[in-house]
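Working notes for the structure below.
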Number of protein chains: 2
Amino acid sequence: MAADNTRTAIITAAERLYAERGFADVTMRDIVAAADVNLAAVNYHFGSKDELIAELFVTRSLATNRERLRELKAAEEAGDGRADINAIFAALVGPTLRGCLGPEKQRSDAARFMIRASIESVAPIRKIKNREVDHLKRFAAAMRRSLPDQDPADIFWALHFALAMAHQTIRDSERLTRMSDGLCDLNDVQAITDRVVAVAVMALTGKPAKAPLKEPAKAKARA
Amino acid sequence: MAADNTRTAIITAAERLYAERGFADVTMRDIVAAADVNLAAVNYHFGSKDELIAELFVTRSLATNRERLRELKAAEEAGDGRADINAIFAALVGPTLRGCLGPEKQRSDAARFMIRASIESVAPIRKIKNREVDHLKRFAAAMRRSLPDQDPADIFWALHFALAMAHQTIRDSERLTRMSDGLCDLNDVQAITDRVVAVAVMALTGKPAKAPLKEPAKAKARA
DNA sequence: GATAGTTTCATACACGCGTTTGAAAAGCAA
DNA sequence: TTGCTTTTCAAACGCGTGTATGAAACTATC
């Protein structure tokens, strides 16, 4: 596989640098220096910087979705077509959380790269992102099969909130640590996943007060 | 107040442009063109581009915090020092949600600027952001007074999740709309606020299943 | 109305960026 | 080897950026 060595060297270096420092702060000169190749190599092999980013994103996006769907499928098969709602949420947020927050050693540049991509919204990625919606719709459909009586809008909101909690936890883990003076343990990824999943499920199904389903009580939020 | 007209013109234009297009895509030449002043005016009045951004952020940060704390204080006074937990969360996420998602007319550049600042994490802002932690700690303290028996870690997690849900809803409202085929109504800000607050409160207090408090059940998330 | 201080302006500077170029090097088939 | 293609390399190009300069215009005080 020494066929295109510089190509893979660029991909590896770029993904790592982007994952670590974000798109804005990484120049092509940084990348080629890290990959130990010539400056012109990026343009030769990928055409342009944007095309390199796009290729990175497409590749990783497919891989992430594949992993999510694999977990989802397993959950659905375990439930004869109706997966446990907990398992669905876990399939949605688990892979990313593990890749970004796990112990240093098993953290993947891939997962962290994807988080960067979802945060910084750089031009070449923005155009591709549309497919993500289709991917999420498959999770929404699974949730509908799991809980057929649930209000569809609530399903989308819960899915949205689940991703929100997972993403923010990854992105702002430092703030949470500082805010809680270290009380919130960010090393136990399984516990974090469980917590996010539990809240998402509660957001969807658990109505501790019997608030109306379609119209969250207006009076409640006011003092 | 025609004293320093160009100064305020720059501030207004910069805030609007940054709110609309983000920091990365707005150059000084864009700003001075929108403000209809000379290019050198920014450096003359603010010193540098970074100092302009920093001043914008500090000003707006103080204003936002002031509004949040005003609502918090009102809630605490209404409850004789122990605010309703719903009101606390509403004070935390309400101002920003209203400023960013409300009807076009009452959307504020200020709120959207702050969201940009929280998303893009540009250098001059990153250094100042530490104070935000202190601000959030005041909310955590209020929540502790409101629910003295609650596990402190759970309080921080719920606060973290509340902000996550609010922020993501603002940032990715388009994806939610597309994913739900318009089923999720993003125009009713009050309903959104109520929903975020309700989920945050549930995350904190509502344990529909009697999951152990300190250690979310491991088995639960697996199929 | 002359003077000193403040603000505006057109212009230029230095720098870093992504990209291009053209020649040298390496790979490979005959 | 020879001839052709693919890949690497050093160097430079064009462009847009934030910033600096020095003169002109304005403002206010005497």
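Order of the sequence lines fixes the chain letters, A, B, ..., with proteins taken first and strands second; residue numbering starts at 1 for each chain. All heavy atoms count here, side chains included; hydrogens, waters and symmetry mates do not.
Separating the CG atom of A:L52 from the C1' atom of C:dT19 is a distance of 14 Å, rounded to the nearest angstrom. For A:I53 and C:dG18, the CD1 to C1' distance is 11 Å, given to the nearest whole Å. Protein atom CD1 of A:I10 is 14 Å distant from nucleotide atom C1' of C:dT19, rounded to whole Å. A straight line from CG of B:D50 to P of D:dG18 spans 10 Å, rounded to a whole angstrom. Atom pair A:M28:CE and D:dA12:C1' shows a separation of 16 Å (rounding to whole Å applied).
Put simply, the side chain of B:R29 and the base of D:dG18 share a donor and an acceptor less than 3.5 Å apart.
A:R116 approaches A:Y18 most closely through the heavy-atom pair CG-O, 3.3 Å. Counting all heavy atoms, side chain and backbone alike, B:E120 lies closest to B:F23 at OE1-N, 3.0 Å. Residues B:C100 and B:R107 share a closest heavy-atom pair of O-CD, 3.3 Å.
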Practice item. Check the pair A:F161, B:Q168 against side chain to side chain contact (heavy atoms under 4.5 Å, CB included), reporting the backbone distance first and the verdict last. Key: CA-CA 8 Å; A:F161 284 160; B:Q168 180 99 323; over 6 Å; no
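In this structure, B:T6 does not reach the C:dT7 phosphate: none of its side-chain N or O atoms is under 4.0 Å from OP1 or OP2.
Against DNA chain C, the stretch residues 30-49 of chain A makes heavy-atom approaches under 4.0 Å through A:L39, A:A40, A:N43, A:S48, A:K49.
Inspection of the B:S48 and B:E51 side chains reveals an N or O donor paired with an N or O acceptor under 3.5 Å.
Cation-pi check for A:R7 over A:F46 is met; the charged atom lies under 6.0 angstrom from the ring centroid and within 45 degrees of its normal.
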